[in-house]
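In what follows, a structure is listed as C-alpha cells, so that the remarks can point back to it.
Predicted model only: the values in this text are computed from it and were never measured.
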Amino acid sequence: MTTAQDTAVTRAEYCVIACAEAWRDNGEVLASPMGLIPSAGARLAKRTFSPGLLLTDGEAMVVGLDGAAEGWLPYRQHLTMVTGGKRHVMMGASQLDRFGNQNISCIGDWERPDRQLLGVRGAPVNTLNNPVSYWVPKHSRRVFVEKVDMISGVGYDSAAAAGPSATRFHRIPRVVTNLAVLDFDTDDHAMRLVSVHPGVSVAEAEEATGFALVLPEGEVPTTREPTAEELRLIREVIDPDSKRNLEVKPV
C-alpha cells in the first residue's frame with residue numbers, strides 16, 4: 001500500500017512549507033493568505049506550530065481548519081485588526097523591487113501604462129498597518145525589478161522616507177517564490193536570498209532576479225524538508241486533490 005510519504009516531495013510542497021513558516025510564532029493574529037499555496041501554508045501552520053492563528057476566507061468569514069465558515073468577521077472588526085498590527089497578510093505581486101515595494105496596479109508609465117492591473121486596492125493600508133509577506137508563483141525578472149512602475153504596497157525605503165507613522169507596524173517578513181525564500185533582514189533592508197528550494201541553484205535564483213540579491217554568509221541553504229506529519233497533512237487533509245501542483249508544477 002502506498003502512503004503519502006512514499007513519493008518525492010514536490011516543488012509545490014516545498015512552497016507550502018515555506019509559506020507556512022511565514023506564520024511561525026505569530027500568536028493570535030488573523031492570517032490572510034491570498035492564493036492557493038499561501039492558503040495551504042496558513043492552514044498547515046495552524047495545524048502544527050502556530051495554533052493561535054485565526055484563519056479567514058479572505059473576504060468576510062473566519063474559517064476552521066477544514067475551511068468551513070465558523071463566524072462572520074464584520075468589516076469594522078476587520079479594520080480594527082488591520083490598523084493594530086494584528087493581521088499577517090500574504091499577498092501576490094506583479095512587481096517587487098529590492099526594498100519590498102510592490103506593484104499590482106499598472107505596468108509602464110502612470111500617464112499611459114502599457115497594462116492595467118488590479119489597482120492599488122488595500123495594499124497601502126496592509127503594508128503600513130500589519131506584517132505583509134508575498135507569494136510569487138513564477139520567479140522572474142518581470143516580477144523582481146530594480147524599481148516598481150508604481151508603488152502599491154509600501155517597501156522599507158518608502159516607509160522610512162514617510163517617517164515614524166509609516167514604520168510603526170510596517171514589516172515584510174518573507175517572500176516565497178517557486179524558486180526560493182527571501183527576506184529583508186539586512187542592514188539597509190535590501191532583499192536577501194534565504195534559501196533555494198531543492199533542485200534550484202543560487203545562480204538560477206539570481207538570474208531570475210532583476211537586481212543583485214544579498215547573499216547570506218557561507219553556503220545558501222535549501223528550503224527545509226517537510227516532516228512526515230506535515231507531508232501527510234498537505235497531501236491527505238489540506239489539499240487531497242493536489243491543486244497545489246496546478247500553481248507550481250512538479251519538476
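- Residues Ser158 and Phe99 form no side-chain contact, since every pair of their non-hydrogen atoms from C-beta on lies 4.5 Å or further apart.
- Looking at heavy atoms from C-beta onward, Asn178 lies out of side-chain contact with Pro137 at the 4.5 angstrom threshold.
- Of all non-hydrogen atoms in Asp149 and Cys106, the two that sit nearest each other are CB-O, 3.9 Å.
- Under the 4.5 Å side-chain criterion, counting only non-hydrogen atoms from C-beta, Leu30 is not in contact with Glu28.
- Between Arg174 and Asp183, none of the side-chain N atoms (NZ, or NE/NH1/NH2) sits under 4.0 Å from a carboxylate O, so this pair counts as no salt bridge.
- The backbone N or O of His189 lies less than 3.5 Å from a partner atom in the side chain of Thr186, making a donor-acceptor pair.
- Side-chain atoms of Lys46 come within 3.5 Å of backbone N or O of Leu53 as a donor-acceptor pair.
- Note that SG of Cys15 is 10.0 Å distant from CG of Asn245, once rounded to the nearest 0.5 Å.
- To the nearest 0.5 Å, atom CE of residue Met91 and atom CG of residue Leu96 are 10.0 Å apart.
- Between the side chains of Ser32 and Arg87, at least one donor N or O sits under 3.5 Å from an acceptor N or O.
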* To do: Report the C-alpha distance between Arg244 and Glu247 in whole Å, list the side-chain angles of each, state the deciding distance to 0.1 Å, and finish with yes or no for salt bridge (charged side-chain N to carboxylate O under 4.0 Å, His left out).
  => CA-CA 5 Å; Arg244 60 193 177 276; Glu247 192 165 22; over 6 Å; no
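- Heavy atoms only, all atoms of each residue included: Cys19 and Gly41 are closest at CB-CA, 4.3 Å.
- Counting only heavy atoms from C-beta outward, the side chains of Phe184 and Val214 never approach each other to under 4.5 Å.
- Note on ring orientation: taking the six-membered ring where Trp is involved, the planes of His88 and Trp23 are tilted (angle from 30° to 60°).
- For the 3.5 Å distance criterion, the side chains of Thr209 and His139 qualify, holding a donor opposite an acceptor.
- Side-chain contact, Thr223 with Ser195: a donor N or O sits under 3.5 Å from an acceptor N or O.
- Between Phe169 and Pro131, every side-chain heavy-atom pair lies at or beyond the 4.5 Å cut-off.
- In this structure a side-chain-to-backbone donor-acceptor pair under 3.5 Å is present from Tyr156 to Ile172.
- A donor-acceptor pair is defined here as one N or O able to donate and one able to accept, closer than 3.5 Å; such a pair exists between the side chain of Asp97 and the backbone of Asn101.
- Transitive grouping of hydrophobic side chains (ILVMFWY, heavy atoms separated by less than 4.5 Å) keeps Leu231 and Phe49 in distinct clusters.
- Across all their heavy atoms, Gly153 and Ala123 have their closest contact at N-CB, 3.7 Å.
- Met191 and Leu215 fall within the same hydrophobic cluster, defined by Ile, Leu, Val, Met, Phe, Trp and Tyr side-chain heavy atoms under 4.5 Å apart, directly or through other members.
- The cluster map of Ile, Leu, Val, Met, Phe, Trp and Tyr, joined by side-chain heavy atoms under 4.5 Å apart, puts Val196 and Tyr134 in the same cluster.
- Put simply, the side chain of Pro226 does not reach to within 4.5 Å of the side chain of Glu13, judged on heavy atoms.
- Judged purely by atom type and a 3.5 angstrom limit, Asp241 has no side-chain atom pairing as donor or acceptor with the backbone of Lys243.
- With values rounded to the nearest 0.5 angstrom, Leu233 atom CG is found 7.5 Å from Thr227 atom OG1.
- No donor-acceptor pair closer than 3.5 Å links the side chain of Asp109 to the backbone N or O of Pro113.
- The shortest heavy-atom contact between Ile104 and Ala93 is CG2-CA, 4.1 Å.
- For the pair Asn26 and Val29, the tightest heavy-atom approach, listed with the atom from each and the gap, is O-CG1, 3.5 Å.
- A heavy-atom distance below 4.5 Å is not found between the side chains of Gln95 and Phe144.
- With respect to Glu230, the salt bridge (Lys or Arg N to Asp or Glu O under 4.0 Å) criterion is satisfied by exactly one of Arg47, Arg224, Arg235: Arg224.
- Side chain of Thr167 to main chain of Ala159: no donor-acceptor pair is present (N/O by atom type, distance under 3.5 Å, no hydrogens or angles).
- Within 6.0 Å of atom CZ in Arg24, more than 12 heavy atoms from other residues, nucleotides or ligands are found, so the atom counts as buried in its surroundings.
- One finds the CZ atom of Arg192 at 15.5 Å from the CZ atom of Arg98 (value rounded to the nearest 0.5 Å).
- Phe211 and Leu179 fall within a single hydrophobic cluster, where Ile, Leu, Val, Met, Phe, Trp and Tyr are joined by side-chain heavy atoms under 4.5 Å apart, directly or via other members.
- The backbone N or O of Val154 lies less than 3.5 Å from a partner atom in the side chain of His170, making a donor-acceptor pair.
- Across every non-hydrogen atom of Ala166 and Ala162, the tightest pair is CB-CB, 3.6 Å.
- Ile107 has its side chain out of reach of Met150: every pair of non-hydrogen atoms, C-beta onward, lies at least 4.5 Å apart.
- Here the side chain of Gln102 pairs a donor or acceptor atom with the backbone of Gly92 at under 3.5 angstrom.
- The backbone N or O of Ser94 sits nowhere less than 3.5 Å from a side-chain atom of Asn103 that would complete a donor-acceptor pair.
- Linking ILVMFWY residues whenever their side-chain heavy atoms come closer than 4.5 Å, directly or via other members, leaves Leu128 and Val132 in distinct clusters.
- Rounding to the nearest 0.5 Å places CE of Met34 at 11.5 Å from OG of Ser133.
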